[in-house]
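The next block holds one structure in the form of structure tokens; read it before the comments.
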Number of protein chains: 2
Amino acid sequence: MQHKPIQILIVDDHPMVIEGLKTLLSDDDRVAVKCHFMNGTDTLSFLEKDTVDVILLDVNLPDINGVEMVPKILDIRANIGIIGLSTYSEPSIINQMIKNGVKGYLLKNATADELVNAISQVHQGNFYFGSEVQKILVDSVAQEGNELPKLTRREKHVLTLIADGKTTNNIAEELFISPLTVETHRRNLMQKLEVSNAASLIKVAVEKKLI
Amino acid sequence: MQHKPIQILIVDDHPMVIEGLKTLLSDDDRVAVKCHFMNGTDTLSFLEKDTVDVILLDVNLPDINGVEMVPKILDIRANIGIIGLSTYSEPSIINQMIKNGVKGYLLKNATADELVNAISQVHQGNFYFGSEVQKILVDSVAQEGNELPKLTRREKHVLTLIADGKTTNNIAEELFISPLTVETHRRNLMQKLEVSNAASLIKVAVEKKLI
DNA sequence: TTTTTTCTACTGGTTTTCCGGTATATTGGT
DNA sequence: ACCAATATACCGGAAAACCAGTAGAAAAAA
């Protein structure tokens with residue numbers, strides 16, 4: 001006996017991607033695209049009234065960030081499976097998405113097979129991640145412990161001022177504190193980020209997106 | 001009398017985008033998608049034997065960069081209209097593409113209307129750029145003159161070593177030159193990028209994508 | 001082949017950063 | 001009220017960076 005098709009909701013602001021997904025999924029009768037939305041708010045208000053089994057969620061929406069969408073969706077319908085979709089594989093975003101509760105993640109170069117696979121796996125309560133995405137997950141496990149150190153508010157502030165080319169004295173004047181204090185902050189920053197001068201301090205700060 | 005439909009070639013490595021484009025264009029009988037390829041080499045070898053009127057060309061291909069594809073295509077078939085396609089609007093890429101000879105550029109959030117419009121305009125020998133893309137073009141004209149200073153090969157090298165936290169002496173050893181020379185390079189770098197210390201040097205270098 | 005740019009190198013001096021510590025208010029959370 | 005984290009501040013000294021100016025080789029462009 002034939003199962004009832006898995007109801008799909010597509011959220012993506014690119015018409016061509018929406019149409020593409022619909023076409024790719026139309027050949028397979030295990031899935032059925034119920035509807036689509038091109039922004040976050042419409043999606044959420046739809047979910048208040050109606051539901052689906054699996055959501056294909058683009059991370060780059062015009063109104064609400066995809067990462068923020070996930071908990072909002074799960075808040076309304078806890079048992080919807082969410083599959084993240086994006087063009088490029090940015091480790092930080094993928095990690096965030098997974099933390100927030102997506103069950104799958106695909107890049108947009110996924111094939112129809114991968115798509116249907118992901119959907120049915122996620123619908124059964126399993127996880128499914130595309131091969132590139134898996135590679136990223138492995139990498140991020142490998143460098144576990146390399147978590148970015150937490151900087152205090154003051155340190156972040158001083159950091160940006162250093163990046164602006166201000167000297168210790170400049171910064172001290174600007175913050176109405178002693179230059180010696182500023183230096184202490186700078187030294188703590190360098191220690192936390194494991195560097196030995198301001199130049200590489202800025203480099204790793206940019207790399208770790210602290211600026 | 002009905003015109004012969006404009007023959008289209010799609011080049012994109014995302015199956016869902018290909019299908020989406022085909023679907024979006026299928027409603028309009030002024031255009032006809034002849035075929036598609038998912039990489040640059042296949043595209044070029046096709047063009048050796050056959051041709052089309054307009055190419056929809058993704059800038060992110062697995063093998064050949066989209067920017068480099070443009071002259072290669074025009075080299076084979078000078079009178080094909082090329083429309084660039086990308087997800088995000090990066091000014092430098094768009095400028096490069098235009099320099100290389102694309103007649104249109106769209107972001108992937110384009111609607112079916114925009115697509116068909118762009119295609120027919122380009123086919124008639126005109127230009128067509130999406131609204132976001134136009135904004136970028138205007139911006140890049142507005143800040144003309146703010147061109148990034150040209151760094152010499154040596155300067156770039158020194159710059160990266162500074163970013164790695166190396167001191168003047170370290171760099172001198174590594175390059176087998178006098179520390180005084182390295183310092184001269186550093187000073188020239190700071191002058192060219194209009195900063196007064198290594199920290200902000202790195203910051204602007206990153207901003208201007210020199211690292 | 002000239003001319004220009006780039007790479008190299010120096011003198012001499014000032015400023016700033018960096019390092020090893022130490023230490024006390026202040027604030028935030030439980 | 002208490003403890004941890006944060007922000008504050010200091011000393012003394014070494015190291016490195018920064019500034020202003022000059023200038024000769026080498027390489028690239030005209």
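Chain identifiers are assigned alphabetically (A, B, ...) following the order of the sequence lines, protein sequences preceding nucleic acid strands; residue numbering begins at 1 within each chain.
- One distance of note links CD of E19(B) with CE of M16(A); it measures 13.5 Å at 0.5 Å rounding.
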Listed pairs, N/O of protein and of nucleotides 24-30 of chain D, under 3.5 Å:
none

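- For A198(A), the side-chain contact (heavy atoms from CB on, under 4.5 Å) partners at least two apart in sequence or on another chain are I162(A), A199(B).
- For the pair L175(B) CG and dA9(C) P, the interatomic distance rounds to 10 Å; values are reported in whole Å.
- Near DNA chain D, defined here as any heavy-atom distance below 4.0 Å, there are no residues from residues 165-174 of chain A.
- A donor atom on one side chain and an acceptor atom on the other are found under 3.5 Å apart for N39(A) and T41(A).
- Applying the side chain to side chain donor-acceptor pair (under 3.5 Å) definition to pairs two or more places apart or across chains, those involving residues 45-61 of chain A are K34(A)-D50(A), D58(A)-K108(A), N60(A)-Y88(B).
- Within residues 182-201 of chain B, the residues approaching DNA chain D are E183(B), R186(B), R187(B), M190(B), S196(B), N197(B), A198(B), by heavy-atom distance under 4.0 Å.
- Listed pair T181(B) / dT8(C) fails the phosphate criterion, with no side-chain N or O lying under 4.0 Å from OP1 or OP2.
- R154(B) has its CZ atom 9 Å from the P atom of dA9(C), to the nearest Å.
- In this structure the side chain of V33(A) reaches within 4.5 angstrom of the side chain of I10(A), judged on heavy atoms.
- Going from atom CD1 of I202(B) over to atom P of dC18(D) covers 10 Å, rounded to whole Å.
- If you check the side chains of N170(B) and T167(B), you find a donor sitting under 3.5 Å from an acceptor.
- Within the 4.5 Å cutoff, the side chain of V158(B) has heavy atoms near those of the L189(B) side chain.
- Looking only at side-chain heavy atoms (C-beta outward), K22(B) and H36(B) come within less than 4.5 Å of each other.
- Separating the NE2 atom in H185(B) from the CG atom in L151(B) is a distance of 12.0 Å, to the nearest 0.5 Å.
- We find that NZ of K156(A) is positioned 14 Å from C1' of dT6(D), with the value rounded to whole Å.
- One interatomic measurement links the two molecules: CG of L151(B) to C1' of dC7(C), which rounds to 14 Å at whole-angstrom precision.
- In this structure F46(A) satisfies the ring-ring contact (aromatic ring centres under 6.0 Å, His included) test together with F37(A), sequence neighbours excluded.
- In terms of the side-chain contact (heavy atoms from CB on, under 4.5 Å) criterion, S196(A) has no residue partners (sequence neighbours excluded).
- The closest side-chain heavy-atom distance from V133(A) to S89(A) is not below 4.5 Å.
- Note that the two end axes of the helix from dT1(C)-dA30(D) to dT30(C)-dA1(D) enclose an angle of 80°, each drawn from 5 base pairs, rounded to 10 degrees.
- Side-chain polar atoms of N95(B) and S92(B) form no donor-acceptor pair below 3.5 angstrom.
- As rounded to whole Å, 18 Å separates atom P of dC7(C) from atom CZ of F176(B).
- Atoms CG (L180(B)) and P (dC7(C)) sit 17 Å apart, rounded to a whole Å.
- Partners of Y128(A) according to the ring-ring contact (aromatic ring centres under 6.0 Å, His included) rule, which considers only residues two or more places apart in sequence or in another chain, do not exist here.
- In this structure E174(B) satisfies the side-chain contact (heavy atoms from CB on, under 4.5 Å) test together with L161(B), K166(B), sequence neighbours excluded.
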Short heteroatom pairs, N/O only, protein and nucleotides 2-4 of chain C, under 3.5 Å:
none

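- Here E183(A) pairs with nothing under the salt bridge (Lys or Arg N to Asp or Glu O under 4.0 Å) rule; sequence neighbours left out.
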